[in-house]
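The structure appears below as structure tokens.
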Amino acid sequence: MTGVRGRHIRFERCTFENTNLRKASFYDSTFVDCKLINCTIRSGSLAGSSFDNCEMNDFDLSKTVMARVKGLE
């Protein structure tokens with residue numbers, strides 16, 4: 001899924017495990033009850049996205065645009 005782009009996508013109860021999302025962009029998207037385990041989205045964008053009740057372990061967000069992201073503490 002390297003370089004994939006999308007806007008206003010709703011991911012619900014999805015599992016992303018050992019997934020390469022490098023340079024992917026999910027603008028204004030919603031992640032609900034998702035699992036993101038050992039994933040890379042480096043150099044992409046999650047601008048305007050929200051995360052609700054998601055499990056994240058070993059999730060690489062370096063150099064990722066995080067403007068207006070909600071639900072990540």
NZ of K23 to OG1 of T2, rounded to nearest 0.5 Å, is 9.0 Å
Item to check | Polar side-chain atom of S45 near backbone of S25 as donor-acceptor pair, under 3.5 Å | outcome: no
What one should report as the nearest heavy-atom pair of L72 and M56 is CD2-CE, 3.1 Å
The complete set of salt bridge (Lys or Arg N to Asp or Glu O under 4.0 Å) pairs with one or both residues in residues 49-64, sequence neighbours excluded, reads R42-D60
R5 meets the salt bridge (charged side-chain N to carboxylate O under 4.0 Å, His left out) criterion, sequence neighbours left out, with none
Identify all side-chain donor-acceptor contacts of residues 30-39 below 3.5 Å with residues at least two apart in sequence or on another chain.
{"from": "D33", "atom 1": "OD1", "to": "N53", "atom 2": "ND2", "distance (Å)": "2.6"}
{"from": "N38", "atom 1": "ND2", "to": "N18", "atom 2": "OD1", "distance (Å)": "2.5"}

Sorted by chain and residue number, the side-chain contact (heavy atoms from CB on, under 4.5 Å) partners of V4 (sequence neighbours excluded) come out as M1, A24, F26
I41 backbone acceptor or donor facing T64 side chain under 3.5 Å: yes
Could you check whether any side-chain heavy atom of H8 comes within less than 4.5 Å of a side-chain heavy atom of Y27, counting everything from C-beta outward?
no
Applying ring pair (Phe, Tyr, Trp, His ring centres under 6.0 Å) to F16 and not counting sequence neighbours gives F11
In short, salt bridge (Lys or Arg N to Asp or Glu O under 4.0 Å) pairs touching residues 7-18 with sequence neighbours left out are R7-D28, R10-E12
